[in-house]
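Take a look at the structure below.
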There are 2 protein chains.
Amino acid sequence: MVKFDSGRATSQAVEDYLKAIYKLQSVTAPVTTSALAEKLGISAAAATKMLKQLDGMRLISYVPYHGANLTDAGRRIALEVIRHHRLIEQYLHQAMGYAWDQVDAEAEKLEHAISEEFEARIDELLGYPETCPHGDPIPRADGVLVDERLQTLGECAAGDWVRIERVRDTDPAVLRDLTQRQMGLHTQIFVSDRHSDNSLTILVAGTPHLVHEPISASVFVTPLTADQAPANHG
Amino acid sequence: MVKFDSGRATSQAVEDYLKAIYKLQSVTAPVTTSALAEKLGISAAAATKMLKQLDGMRLISYVPYHGANLTDAGRRIALEVIRHHRLIEQYLHQAMGYAWDQVDAEAEKLEHAISEEFEARIDELLGYPETCPHGDPIPRADGVLVDERLQTLGECAAGDWVRIERVRDTDPAVLRDLTQRQMGLHTQIFVSDRHSDNSLTILVAGTPHLVHEPISASVFVTPLTADQAPANHG
DNA sequence: TATCGAATTTAACCATGGTTAAATCTTACC
DNA sequence: GGTAAGATTTAACCATGGTTAAATTCGATA
Ligand SMILES: [Mn+2]
Ligand SMILES: [Mn+2]
Ligand SMILES: [Mn+2]
Ligand SMILES: [Mn+2]
């Protein structure tokens, strides 16, 4: 468990709440009771009670009926848990041969069980990686996280050359689908067509693929610069 | 968490109770409430309540005022947790460079957090090890454990040649002491003298050491056969 | 500006795993 | 075989984290 207040340990539940609030906050702040409850798969009543507790611990500031924001102390713990999660994912993938669709579930429990010693060791063994196997940045030990907002593949226009930088890590089926299409991290993609239902036709290593919304919304990309983009793509 | 009853998961508390009962049982059966409470560092009242619960789950058979014994189902879970613990210890030691006095504490938490997938992977990565870094046998995946009772170094007589096979893993200070004296697993030892306070003088790689009770009771040995024992030891 | 529906909180539960203090059982000993 | 000490259980709590159902609040809309 992560420590706070110079030494008091936080429970697994508190850690998962703070992590969820952190992630929801980047979409809409303050975080609503219902959004939190939905994300954690619990009742709104349970979320309300925990929000009051977390406010009492000074880990969030919570205004009844108006949602919550992390305090600095809460953000520190959230980032520590996210750091554990993504380091563990990368370790499972690189050092233990897990496929990228299997690491999230395993890391979800391990993130609460490892010591600072363990964290430091896997960080070193991996050569201080900057991202998890899904491309998400790993917060540094000092709590700094550089997290850029990227466009999704679904937001691309026909004619775009892009590179896969991140993928949503939640749905193993989507990740397996991407593996089958050879759409790993850093793969270059040409968007050949947009269709009326928002699906896309793309080229991956010369092979055309029809990509529907659930997939295209799960893939985050950056545009290729002129000198990176191949001249033709017949 | 370990599963039982074709799928229901056991809590960390239940797992630690079953493991403790398993270990106490090998010393005295049935296991008393006070022995269990002492081992787990909780009150006797808490132990009583949990014994009733475990009996209700059919994981132990418990007779009030007369102690508890594991059922087959309870033993299966205990061995599964011990397997996790010892495999994790060996992985921390062999694959991650942990010293043997640091692995027990880390494994104590991780043993409840890993999946069967994780267990199988570290087993394979380690080449199916038979013991933990302290020489304790690792239960097999099918629940079989061969556990011989060994004599302690403290029980040896002057003139004995012995080999270290196991060490008690609980006290990091003892383990560090053994490391400093070069008394790792499989080290050969000559017992040169027994003293009145039950301390011993031993030879380790030619160097004499004075060994007191807390150490000598933590080291388990087997006698060397005639052809293994060096002819002289001046 | 009053109202109504959705979001949220409160209330009353429950399970788990802990505590201390009081009651009760067992057993060894006289 | 009675008794007293020690072991054990019971009783009354507490904290955490969950549930459903009822009450309350907010804010968009008429
Ligand atoms: Mn988690
Ligand atoms: Mn990830
Ligand atoms: Mn444990
Ligand atoms: Mn061990």
Side-chain angles (χ1 to χ4, degrees), chain A residues 1-5 8-21 24 27-69 74 77 81 108-109 112-113, chain B residues 1-5 8-21 24 27-69 74 77 81 108-109 112-113:
Chain A
M1 303 288 160
V2 173
K3 306 285 185 60
F4 80 110
D5 248 10
R8 202 149 80 267
T10 55
S11 69
Q12 168 158 346
V14 166
E15 291 180 3
D16 279 334
Y17 271 92
L18 292 174
K19 192 175 71 164
I21 294 169
L24 291 169
V27 182
T28 27
V31 173
T32 65
T33 304
S34 50
L36 185 57
E38 213 231 294
K39 174 138 208 164
L40 292 172
I42 55 167
S43 68
T48 297
K49 261 213 303 189
M50 183 60 99
L51 286 174
K52 279 193 286 189
Q53 269 184 255
L54 294 174
D55 187 83
M57 293 187 244
R58 304 280 163 123
L59 298 176
I60 64 172
S61 73
Y62 161 62
V63 181
Y65 295 103
H66 294 280
N69 288 100
I77 296 175
V81 176
E108 196 57 51
K109 295 186 70 191
H112 311 289
Chain B
M1 304 290 159
V2 172
K3 307 284 185 61
F4 80 110
D5 247 11
R8 204 149 78 266
T10 55
S11 70
Q12 168 160 345
V14 166
E15 291 180 3
D16 280 334
Y17 270 93
L18 293 174
K19 192 175 69 164
I21 294 168
L24 291 170
V27 182
T28 28
V31 173
T32 65
T33 304
S34 50
L36 185 57
E38 213 231 294
K39 174 138 208 164
L40 293 173
I42 54 168
S43 68
T48 298
K49 261 212 304 188
M50 184 60 100
L51 286 174
K52 279 193 286 189
Q53 267 182 257
L54 294 174
D55 187 82
M57 294 187 241
R58 307 278 162 122
L59 298 176
I60 64 172
S61 73
Y62 161 62
V63 181
Y65 295 103
H66 291 87
N69 287 100
I77 295 175
V81 176
E108 196 56 52
K109 296 187 68 191
H112 311 289

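Chain naming here is simple, since letters A, B, ... match the order of the sequence lines and numbering starts at 1 in each.
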[X] side chain near [N] phosphate (N/O to OP1/OP2, under 4.0 Å):
| X | N | result |
| --- | --- | --- |
| B:Tyr17 | C:dG18 | yes |
| B:Ser43 | C:dT19 | yes |
| B:Lys52 | D:dT10 | yes |

Can you check the [X] [atom1] to [N] [atom2] distance for me, whole Å?
| X | N | atom1 | atom2 | answer |
| --- | --- | --- | --- | --- |
| A:Lys49 | C:dA11 | NZ | P | 12 Å |
| A:Met50 | C:dT10 | CE | P | 16 Å |
| A:His112 | D:dT16 | NE2 | C1' | 16 Å |
| B:Glu15 | C:dG17 | CD | P | 11 Å |
| B:Gln53 | C:dG18 | CD | C1' | 11 Å |
| B:Leu18 | C:dG17 | CG | P | 11 Å |
| A:Ile42 | D:dT16 | CD1 | C1' | 13 Å |
| A:Gln12 | D:dG17 | CD | P | 10 Å |

Exercise: identify the closest heavy-atom pair between A:Asp55 and A:Ser61: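 Scanning both residues completely, I find the closest heavy atoms to be OD1-CA, 3.3 Å.
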Distance-minimising heavy-atom pair for B:Pro30 and B:Gly67: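 Closest heavy-atom pair between B:Pro30 and B:Gly67: CB-C, 4.0 Å.
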With a 4.0 Å cut-off on heavy atoms, is A:Ala13 in touch with a base, just the backbone sugar-phosphate, or nothing at all?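 If one applies the 4.0 Å heavy-atom cut-off, A:Ala13 turns out to touch the sugar-phosphate alone, with no base involved.
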Listed in order of residue number, which residues of residues 29-39 of chain A have a non-hydrogen atom at under 4.0 Å from DNA chain C?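 Hits under 4.0 Å, by residue number: A:Thr32, A:Thr33, A:Ser34.
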Taking the minimum atom-to-atom distance to the side chain of B:Ala45, which one of D:dT10, C:dG17, C:dT9 wins?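 Within the option list, the nearest is D:dT10.
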Please round to the nearest 0.5 Å and tell me the distance separating atom [atom1] of [X] and atom [atom2] of [Y].
| X | Y | atom1 | atom2 | answer |
| --- | --- | --- | --- | --- |
| B:Leu18 | B:Met50 | CG | CE | 8.5 Å |
| B:Leu51 | B:Leu59 | CG | CG | 11.5 Å |
| B:Gln12 | B:Lys109 | CD | NZ | 7.5 Å |
| A:Glu108 | A:Lys19 | CD | NZ | 3.5 Å |
| B:Thr33 | B:Tyr62 | OG1 | OH | 5.0 Å |
| A:Asp16 | A:Ile21 | CG | CD1 | 11.0 Å |

What does the B/S/- profile of nucleotides 22-29 of chain D look like, 5' to 3', with a 4.0 Å heavy-atom cutoff to protein? ---SSS--
Applying the side chain to side chain contact (heavy atoms under 4.5 Å, CB included) test to A:Ile60, which of A:Leu54, A:Val31, A:Asn69 qualifies?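 Only one of A:Leu54, A:Val31, A:Asn69 forms a side chain to side chain contact (heavy atoms under 4.5 Å, CB included) with A:Ile60, namely A:Leu54.
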